[in-house]
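First listed ligand is number 1; within each ligand, the first listed atom is number 1. All residue numbers in this chain count up from 1 along the given sequence.
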Amino acid sequence: MIQMVNLKKQFEEIKEEVLSVSIEIIESGQYILGKYVKEFEEKTAAYLGTNYALGVANGTDALHLALRAAGVGKGDEVITTPFTFFATVEAVIYEGATPVFVDIDPVSFNINPELIEEKITPRTKAIIPVHIFGCPADMPKITAIANKHGLKVIEDCAQSFGASINGKKTGGFGDAGCFSFYPSKNLGAYGDGGLISVNGEALAAEIRMLRNHGQKGGYVHGAIGFNSRLDELQAGILNIKLKRIEEYNSKRRKRAALYNELLGGTVKCPSFGPEGYYHVFHQYTIRHPERDRLRERLKEAGASSMVYYPVPLHLQPALAFLGYKEGDFPEAERAAKEVLSLPICPELSEEDLRLIADVIRSA
Ligand SMILES: *Cc1c(COP(=O)(O)O)cnc(C)c1O
């Protein structure tokens with residue numbers, strides 16, 4: 001079976017380094033917020049071009065802590081996309097705030113900035129753009145709207161590590177950028193992990209305090225915080241993969257370009273984005289009205305594919321209390337019915353990619 005991700009093959013290439021750093025960390029006896037987390041935070045901040053980068057336990061916590069630190073709370077409204085992973089709105093609801101959805105652009109699958117302003121009310125506190133599938137959302141427009149209305153911008157960068165617009169990395173546009181190192185993400189740990197990129201010194205200090213039980217230092221607690229720290233072992237492993245992230249992302253882009261060449265004209269292929277956009281293809285997502293049939297044919301031929309996401313958030317049973325109904329966000333609903341993500345990991349061989357493209361063309 002051709003898998004969506006092949007983490008075992010990736011491990012084989014970095015095995016020596018991973019094992020040696022793992023042994024070193026275990027032997028050191030320092031497992032929480034030690035020198036490897038510090039090194040990873042410094043290197044990631046330098047890579048992303050932000051003043052600070054703070055390791056946390058996972059991507060969901062990154063969003064949650066960033067919202068808390070930005071002052072989002074009970075009664076506030078937070079504008080976001082209905083076409084994303086559930087965690088984006090869980091974090092909003094944890095804080096007692098209300099997610100307010102805005103429909104997507106059908107080409108990028110990202111929030112449509114033209115539709116944001118009509119949803120802004122006196123209660124709106126923040127916007128969470130999600131760089132879905134690794135394609136940057138239109139940050140110049142979104143940050144301009146946010147500045148005009150005095151709103152915070154918390155970027156959901158869980159799928160966009162290394163993506164950029166005109167050389168500026170996602171995670172550096174808003175007040176905070178929230179990353180996930182879930183194993184299958186472009187930069188993945190061997191377990192859970194997350195990170196918040198921040199430029200503002202006060203916001204960084206608040207997050208640093210929140211992630212460690214609200215400690216200001218020496219068992220003096222300035223806030224009711226969380227236990228949400230990036231694990232030292234995961235940081236040691238992430239340091240090794242961070243050195244290769246450009247290579248991993250460029251391999252994804254090469255595979256996307258080949259798919260586009262082989263599939264163009266038969267299905268709707270994903271765009272690389274406008275001039276200056278660096279899309280990192282966390283997912284390679286095509287559109288076709290008969291995607292279930294394509295999926296079946298791929299399965300018969302021995303290739304995995306996935307539907308991200310079959311149910312837009314406004315139609316999720318758990319969010320029924322928000323009062324949305326079918327028809328509210330036509331583009332997100334149509335995308336949910338037509339999308340199909342194909343294997344695009346850096347380890348995917350050209351032979352397997354051509355086989356997948358052949359199956360789709362002949363179907
Ligand atoms: C993966 C993901 C998250 C959550 O990250 P975890 O590390 O799994 O908590 C949040 N938002 C999006 C868009 C994601 O893809």
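Residues Val339 and Ile286 form no side-chain contact, since every pair of their non-hydrogen atoms from C-beta on lies 4.5 Å or further apart. Using a 4.5 Å heavy-atom cutoff, the side chains of Phe133 and Tyr308 are in contact. Here the side chains of Pro99 and Val78 are not in contact, with every heavy-atom distance at 4.5 Å or above. In this structure, the side chains of Phe181 and Asp192 stay at 4.5 Å or more apart for every pair of heavy atoms. At a threshold of 4.5 Å between non-hydrogen side-chain atoms, the residues His64 and Phe226 count as touching.
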Close N/O pairs between ligand 1 and protein, under 3.5 Å:
residue  : atom   : partner : partner atom : Å
ligand 1 : 5 (O)  : Ser180  : OG           : 3.3
ligand 1 : 7 (O)  : Gly59   : N            : 2.8
ligand 1 : 7 (O)  : Ser180  : OG           : 2.6
ligand 1 : 9 (O)  : Gly59   : N            : 3.4
ligand 1 : 9 (O)  : Thr60   : N            : 2.9
ligand 1 : 9 (O)  : Thr60   : OG1          : 2.5
ligand 1 : 11 (N) : Asp156  : OD1          : 3.3
ligand 1 : 11 (N) : Asp156  : OD2          : 2.8
ligand 1 : 15 (O) : Gln159  : NE2          : 2.9
ligand 1 : 15 (O) : Lys185  : NZ           : 2.9

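Side chain to side chain, Glu90 and Thr60 fail the donor-acceptor criterion of an N or O pair below 3.5 Å.
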